[in-house]
Protein chains: 2
Amino acid sequence: MYASTTLVLMSYHHGNLREALLRRAAQVIAEGGVEAVSLRGLARDLDVSHAAPRRHFADRGALLAALAQEGFRRSLEAMENGAREAGDDPIARYRALGRSYVRFACEDPAYFRAINHPEVSNLADDALGEVKQRWFAALREGAEAAQQAGWHPEADPRALVAFSIAGANGAAALFADERWHDVVGGCDAETLADDVLDLIVHKSRTSAPRSTKKTTSRRKGRSAS
Amino acid sequence: MYASTTLVLMSYHHGNLREALLRRAAQVIAEGGVEAVSLRGLARDLDVSHAAPRRHFADRGALLAALAQEGFRRSLEAMENGAREAGDDPIARYRALGRSYVRFACEDPAYFRAINHPEVSNLADDALGEVKQRWFAALREGAEAAQQAGWHPEADPRALVAFSIAGANGAAALFADERWHDVVGGCDAETLADDVLDLIVHKSRTSAPRSTKKTTSRRKGRSAS
DNA sequence: CTCCCTATGTAGCCATTGACAACATCGAGT
DNA sequence: ACTCGATGTTGTCAATGGCTACATAGGGAG
């Protein structure tokens, strides 16, 4: 459980409370949503006083902002890795970008929720804003490259980006949010996600007409509510 | 301001507190988001005691659920009207369905937020669940009809519905959420929404290749942040 | 007409939470 | 050895949700 990085001095008060808070907060979000995160609750869980978190986060919003920032970083990393593995075709890369985002949302709902929670979106946090901009830039660049490679050449580039974000976020929410569990219930999330992504970024479909798809052997959880 | 239905007896304690609470709550959401809604705050705004709302809503969640229910009703009504006006072509009707939803989200962000707030999504409210099911059914039926009319005939119907919901909700969020104001800032929301909808439900494009579009003379607000 | 009963609103209470201030302690650098 | 900054602790306050007991208005039964 304690795979911490730099030989934590557990002798002192706590060690690295900041990281512990973020970790625990992510757990809490995964279990009960962003609403379930309370500074005092985290403090209790970590056996520190109720005011200890304040030394690391000015208020609840700051903690959520840090969490969202981490979420953007992770998701961006996943998206870049996905695009890299997808090869050179810009359209395939862009599809992989989106697919990686959806996968990230499914595998780490906590960070996805942190990113997309309205309470977090309204925060004015410089560091968070900066990461968000980078995230958005990656998407925009991917969309532009894909368009130049022939993806919806006639469309307004801004609409393409909006469409992509809308689709990707919507698809991700479909699987990561409690909200849709009953709607998509009973489906294999991986296959469904692939199909939805195909509808967003028309795959070069050289292989099969959907159903002989077998890229989907990772996991099938999160389908039955 | 008091266009109430059944001759309210203002002599008594308040009249129809329930409706007043819902109305005021919608205002508060529009101004400060769902988080800003507090039972006591509403009670203060309406000059009743802090426990009065409890006579009409068991708890905060019940009020939000009622609000979301109203939101689903309104949005469904808007969508059905939009589809009706769109004529007979199932694809055009489906596009109008989505377009109406996005327009609803832009014009009445309060209800859109109430519908989509994670805190509300997790509520177990029977009436709300029932309306949500009807909303979803309308979308599914529209998607099925559109598919039979030639929209993505090769796709998995479930993926089509998921794609539609994802796209519509994502697009709506793009315009109704604070979150994306900086991203879509500077664009004309109506045109952008039309373009995004075109990307979701490929319009029968008999008119022009995008830009001579002039269906968009309603309003242009909500583009500059 | 009076009495009771239900719907609705009120007043008071308590636990939880976020936020703040004052104080305590560890440990590093002078 | 002393000081000081970083980190935690205790105490406090206001706001909130939720609960219970109480009040009041008005309608219906006798």
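Chain letters run A, B, ... following the sequence lines, proteins first and then strands; every chain starts at 1.
- Atom P of nucleotide C:dA19 and atom NE2 of A:H56 are separated by 16 Å, given to the nearest angstrom.
- A salt bridge links B:R99 with B:E190: at least one charged nitrogen is closer than 4.0 Å to a carboxylate oxygen.
- Nucleotide D:dG18 holds its P atom 13 Å from the CG atom of B:L42, rounded to whole Å.
- Nearest to the side chain of B:R54, among D:dC19, D:dG8, C:dC20, sits D:dC19.
- Residue A:A52 has its side chain nearest to D:dG8 when only C:dC20, D:dG8, C:dG9 are considered.
- Rounded to whole Å, atom P of D:dG18 lies 10 Å from atom CG of B:L64.
- Here A:R44 lies in heavy-atom contact (under 4.0 Å) with sugar-phosphate atoms only.
- With hydrogens and angles ignored, no donor-acceptor pair closer than 3.5 Å exists between the side chain of A:H50 and the base of D:dG8.
- Which of C:dT17, D:dG18, D:dT16 sits closest to the side chain of B:S38 comes down to D:dT16.
- To the nearest angstrom, C1' of D:dG8 lies 12 Å from CG of A:L21.
- Protein atom CD of A:E35 is 18 Å distant from nucleotide atom P of D:dT16, rounded to whole Å.
- Ion pair A:E70/A:R73 flagged as a salt bridge, since at least one NZ, NE, NH1 or NH2 atom sits closer than 4.0 Å to an Asp/Glu carboxylate oxygen.
- The distance between atom CG of B:D47 and atom C1' of C:dT10, rounded to the nearest whole Å, is 14 Å.
- With hydrogens and angles ignored, a donor-acceptor pair closer than 3.5 Å exists between the side chain of A:R40 and the base of C:dG18.
- Considering only heavy atoms from C-beta on, B:Q147 comes within 4.5 Å of B:P157 through its side chain.
- Closest to the side chain of A:A51, from the set C:dA21, C:dA11, D:dT7, is C:dA21.
- Whole-Å rounding puts the A:F57 CZ to C:dA19 P distance at 13 Å.
- When the side-chain nitrogen and oxygen atoms of A:R60 are compared with OP1 and OP2 of C:dT16, none of them lie within a distance under 4.0 Å.
- We find that CG of A:D45 is positioned 10 Å from P of C:dT17, with the value rounded to whole Å.
- Separating the CZ atom in B:R18 from the CG atom in B:L63 is a distance of 8.5 Å, to the nearest 0.5 Å.
- Counting heavy atoms from C-beta outward, A:V37 and A:R60 have side chains that approach closer than 4.5 Å.
- A donor-acceptor contact under 3.5 angstrom links the side-chain atoms of A:R55 to the base of D:dG8.
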